[in-house]
Amino acid sequence: MQNHSNFSKFSTSDLKDSIVHTIEKNALATQPFANEYLKRAEKSKNIYTVYEAYQFLGRINYHLKNYTKANAYYDQAISALKTQYHVYPKEVVFLLKQKGQSFLDTQQIDSSYYCYSKALDTLKKYRLNDLLVSIRSNIAMIKSEISDYREALHLHQQNLKFLKRTNPENYSSYNKYDVAYIATLLNIATAHRRLKNLDSANIYNVEALKRNQQILDHEKLAPQIKSIQHKLKGHLLTNQGIISFLSKKFDESLLHFKAAKNIQDSLKIHSFSLECDLYKGKNYLMKQEYDTAIYFGKKAIKGFEKKYQFSSTRNLLDAYLLLSNCYKKKEDYKNANFYYEKYRQRYEQVLDPQKIHVLNSIENEYKSSFLKKSNKVLEKKSFFLLLIAILLLTTLLLGYFLYKRKAYKNKKAFETLMLKIKQLESRKKENKVSTNKHSSLQIDEKTVHIILEKLSRLEDNYFFLDNSYDLSATAQKVGTNTTYLSAVINHYKGKNFKEYMNELKINHALLTLKENATYRKYAISALAIEFGYNSTLTFTRAFKKYSGLNPSEYIQNLNKSI
């Protein structure tokens with residue numbers, strides 16, 4: 001498409017055709033045509049044409065990554081239809097969907113969720129089932145991004161039930177080639193995979209792959225449908241590779257990624273290639289082929305850093321950690337720290353836990369909006385106002401009492417904990433290995449002494465922060481068997497191996513947070529990873545168990561006392 005300063009030769013219909021056919025390929029060149037279309041639409045005062053013009057301009061600016069402008073045009077398009085919502089509800093839903101995607105790409109997940117939820121309400125109000133699956137999938141995507149995988153799974157399962165009972169002839173997106181059906185099976189498999197329900201994930205993904213292959217084997221498949229199905233197959237193979245990786249079937253996982261790569265190369269479809277690279281890197285890390293793992297990790301990072309979408313952020317964080325771990329294994333601590341610092345900075349920049357709280361409050365507010373209308377009636381009745389005031393006052397007084405009580409308990413717990421930390425610090429300075437208790441063990445004194453000495457060295461090197469050190473791996477590192485190691489730890493440490501590792505991690509966390517103020521600025525989720533935990537919840541529970549305080553309570557008390 002070429003820019004034209006004179007559009008007199010173009011009919012309004014020609015302008016629209018030019019925009020529709022080139023908006024995805026060359027948004028910048030399409031803009032003058034859309035501007036001209038808007039001029040004519042406003043002149044004609046046709047509501048639908050004005051809506052189309054603003055919608056075109058919104059999409060153009062979205063493709064140009066001018067997200068603020070894009071949303072402004074979408075709002076103008078919605079405003080153009082405001083007196084005709086009942087006539088054009090599908091168009092309103094489409095605009096809300098576009099706004100939701102724009103907000104999501106700029107990490108404004110609360111605004112995105114609001115747009116999608118409003119779109120879903122409009123669909124239900126006007127019974128527009130044709131877009132129901134798509135909008136519900138978008139809401140599920142946001143739920144996944146904030147790690148609410150159970151709710152995401154529930155929404156995808158609702159979609160599957162809907163599709164199974166829907167007549168394909170009355171639902172244009174559910175055509176005879178089952179695109180929506182296969183995509184929904186993929187989404188369910190992905191949700192199960194994220195919930196670590198690997199057997200269920202495998203069942204749904206295999207079912208989707210089977211149906212996808214049946215369609216691809218069809219002799220008279222149109223090129224456009226064939227391309228869509230191949231793209232779906234690429235995503236399904238990638239997901240199958242990830243499921244195999246999580247099931248520790250590393251060679252099988254790499255075969256699935258290789259098959260996905262073949263689709264990528266033959267059809268030049270790249271929408272799943274970055275995730276393939278990321279998990280190839282993870283596979284090679286587990287196979288201890290660190291240089292190959294670094295190669296694929298860097299490829300993934302290069303791609304994910306170019307994407308501004310919120311959905312790529314978690315994978316980017318994963319890739320940073322992959323490289324940090326690879327370099328740590330190679331004892332290249334400079335690069336290991338470099339990529340961990342990139343991980344930390346990106347985490348704090350994008351995945352601010354407050355955003356999740358905002359989303360939850362938006363959701364609660366949205367779901368309970370009908371109560372606000374009811375409250376207008378209650379406001380007129382002074383009796384209820386008085387009752388509410390009394391209840392509020394009582395609640396505030398009770399809350400204040402509980403707060404003061406908790407603060408007192410926390411203070412006492414912190415004082416006790418500081419005494420424990422002083423003991424830890426003095427014990428750390430002594431760093432002696434004693435075998436005085438060996439007599440009750442059926443292991444010779446020399447072996448016991450060697451095991452304890454090597455354990456002490458491992459502790460000095462903070463081996464407990466590496467999640468790969470289970471009982472078996474630690475025994476191998478110490479040069480003994482699991483029976484001897486378990487017996488020595490139980491006898492000399494007074495606890496089992498799991499409790500021993502947890503106590504080492506939490507003691508290290510207590511000392512580090514006390515000695516280094518920088519760590520006290522980290523998010524709890526970042527601290528969990530730093531101190532050897534895969535889950536924020538597991539870290540918080542262990543911290544509370546061994547110290548008597550939550551991490552945040554401990555940090556608050558430290559900041560006040562130091």
* How far apart are the closest heavy atoms of Leu96 and Lys118, and which atoms are they? -> CD1-C, 4.0 Å
* To do: Look up atom CG in Leu120 and atom OH in Tyr113, then write down how far apart they are to the nearest 0.5 Å.
  => 8.5 Å
* Going by distance alone, is a donor N or O of one side chain under 3.5 Å from an acceptor N or O of the other, for Glu341 and Tyr320? -> no
* Do the ring planes of Phe464 and Tyr462 sit parallel (below 30°), tilted (30 to 60°) or perpendicular (above 60°)? -> perpendicular
* **Side-chain heavy atoms of Arg136 within contact of Gln158, under 4.5 Å** => yes
* Asked: Would you say the side chains of Asn283 and Ser253 form a donor-acceptor pair under 3.5 Å?
  -> yes
* To do: Given side chain to side chain contact (heavy atoms under 4.5 Å, CB included), test Leu278 with Asp318 step by step and report yes or no.
  => CA-CA 8 Å; Leu278 171 60; Asp318 229 1; 4.0 Å; yes
* Within a reach of under 6.0 Å around OH of Tyr546, are more than 12 heavy atoms found that belong to other residues, nucleotides or ligands? -> yes
* Going by the angle between their ring planes, with limits at 30° and 60°, are His508 and Phe531 parallel, tilted or perpendicular? -> perpendicular
* Would you give the length of the straight line joining atom CD of Gln264 to atom CG of Leu237, rounded to the nearest 0.5 angstrom? => 12.0 Å
Enumerate donor-acceptor pairs with a distance under 3.5 Å from any side-chain N or O in residues 477-487 to protein atoms, sequence neighbours excluded.
unit_1, atom_1, unit_2, atom_2, d
Asn481, OD1, Thr483, N, 3.2
Asn481, OD1, Tyr484, N, 2.7
Ser486, OG, Asn490, ND2, 3.4

* **Nearest-0.5 Å distance that lies between atom CG in Leu455 and atom NZ in Lys493** => 6.0 Å
* If only atom types and distance count, is the side chain of Asp148 paired as donor or acceptor with the main-chain N or O of Ser144 below 3.5 Å? -> no
* **Polar side chain donor-acceptor pair, Asn335 to Asp332, under 3.5 angstrom** => yes
* Asked: Leu527 versus Leu513: any side-chain heavy-atom pair under 4.5 Å?
  -> yes
* **NZ on Lys258 to CD1 on Ile263, rounded to 0.5 Å** => 13.5 Å
* salt_bridge(Asp277, Lys298) N-O dist < 4.0 Å -> no
* To do: Go through the structure and list residues passing side chain to side chain contact (heavy atoms under 4.5 Å, CB included) with Ala70, not counting sequence neighbours.
  => Asn61, Tyr62, Tyr74
* Going by heavy atoms in the side chains, are Asn187 and Tyr204 under 4.5 Å from each other? -> no
* More than 12 heavy atoms from other groups under 6.0 Å of NZ on Lys495 -> yes
* Would you say the side-chain atoms of Ser111 pair up with the backbone N or O of Phe103, donor to acceptor, closer than 3.5 Å? -> no
* Do you know the tightest heavy-atom contact between Thr238 and Cys276? -> OG1-SG, 3.2 Å
* Structure fact -> With Asn159 as partner, the option from Ile135, Leu185, Val133 fulfilling side-chain contact (heavy atoms from CB on, under 4.5 Å) is Val133
* Structure fact -> OH of Tyr554 to CG of Leu558, rounded to nearest 0.5 Å, is 4.0 Å
* **Heavy-atom side-chain contact between Tyr492 and Val448 under 4.5 Å** => yes
* Asked: With a 4.5 Å limit on heavy-atom distance, are the side chains of Leu452 and His449 in contact?
  -> no
* To do: Could you go through the side chain to side chain contact (heavy atoms under 4.5 Å, CB included) check for Glu252 and Phe245 one step at a time?
  => CA-CA 8 Å; Glu252 181 183 297; Phe245 168 78; over 6 Å; no
* Asked: Does Asp199 CG have over 12 foreign heavy atoms under 6.0 Å away?
  -> no
* **Quiz item: cation-pi between Lys282 and Tyr279, 6.0 Å / 45°** => yes
* Asked: Do Arg59 and Gln98 pass the side chain to side chain contact (heavy atoms under 4.5 Å, CB included) test, and can you show the C-alpha distance, the side-chain angles, and the key distance before you say yes or no?
  -> CA-CA 8 Å; Arg59 287 172 60 195; Gln98 293 296 101; 3.7 Å; yes
* So, Glu459 and Tyr500: side-chain donor and acceptor under 3.5 Å apart, yes or no? -> yes
* **Asn507 side chain to Glu503 backbone, donor-acceptor under 3.5 Å** => yes
* Asked: Is the shortest heavy-atom distance from the side chain of Glu151 to the side chain of Ile139 under 4.5 Å?
  -> no
* Structure fact -> So CG of Asn202 and CG of Leu209: to nearest 0.5 Å the spacing works out to 9.5 Å
* Over all heavy atoms of both residues, which pair between Gly234 and Ala260 is shortest? Give the atoms and the distance, please. => O-CB, 4.0 Å
* Thinking salt bridges, do Lys99 and Asp75 make one under a 4.0 Å N-O criterion? -> yes
* Asked: Which heavy atom in Tyr533 sits nearest to a heavy atom in Ala542, and how many Å separate them?
  -> OH-CB, 3.5 Å
* To do: Test salt bridge (Lys or Arg N to Asp or Glu O under 4.0 Å) on Lys287 and Asp251 and set out the steps.
  => CA-CA 9 Å; Lys287 289 161 75 71; Asp251 291 330; 2.8 Å; yes
* To do: Please step through side chain to side chain donor-acceptor pair (under 3.5 Å) for the pair Glu530 and Tyr340, ending with a clear verdict.
  => CA-CA 9 Å; Glu530 181 69 27; Tyr340 182 75; 3.2 Å; yes
* CD/Glu289: more than 12 non-hydrogen atoms of other groups inside 6.0 Å -> yes
* So, do Tyr333 and Tyr327 have ring centers that fall under 6.0 Å from each other? -> no
* Just by distance, do the side chain of Tyr116 and the backbone of Gln101 share a donor-acceptor pair under 3.5 Å? -> yes
* Say whether, by atom type as modelled, one donor and one acceptor occur between the side chain of Ser547 and the main chain of Leu549 under 3.5 angstrom. => yes
* **Residue pair His156 / Leu160, side-chain heavy-atom distance below 4.5 Å** => no
* Asked: Which atoms form the tightest heavy-atom contact between Leu198 and Ile243, and what is the distance?
  -> O-CG2, 4.2 Å
* Asked: side chain to side chain contact (heavy atoms under 4.5 Å, CB included) between Ser137 and Leu155: does it pass, once the steps are laid out?
  -> CA-CA 7 Å; Ser137 293; Leu155 290 164; over 6 Å; no
* To do: Say whether Lys97 and Ser134, considering side chains only, have a donor N or O and an acceptor N or O under 3.5 Å apart.
  => yes
* To do: Grab the two heavy atoms, one from Arg193 and one from Ala201, that are nearest each other, plus how far apart they are.
  => N-CB, 3.6 Å
* **Flag, side chain of Asn197 to backbone of Ser200, donor-acceptor distance under 3.5 Å** => no
* If we ignore angles and hydrogens, is there a donor and acceptor under 3.5 Å between the side chains of Ser468 and Asp466? -> yes
* Asked: With no hydrogens and no angle check, is any side-chain donor or acceptor of Arg520 less than 3.5 Å from a backbone partner on Ile555?
  -> no
* Does Thr106 use its side chain to pair, donor to acceptor, with the backbone of Ser102 at less than 3.5 Å? -> yes
* Asked: Where the side chain of Asn550 meets the backbone of Ser552, is there a donor-acceptor pair that is under 3.5 Å apart?
  -> no
* Asked: Is it true that a side-chain atom of Thr512 and a backbone atom of Ala509 form a donor plus acceptor pair closer than 3.5 Å?
  -> no
* Please work out which of the three classes, parallel, tilted or perpendicular, describes the rings of Phe543 and Phe539, given edges at 30° and 60°. => perpendicular
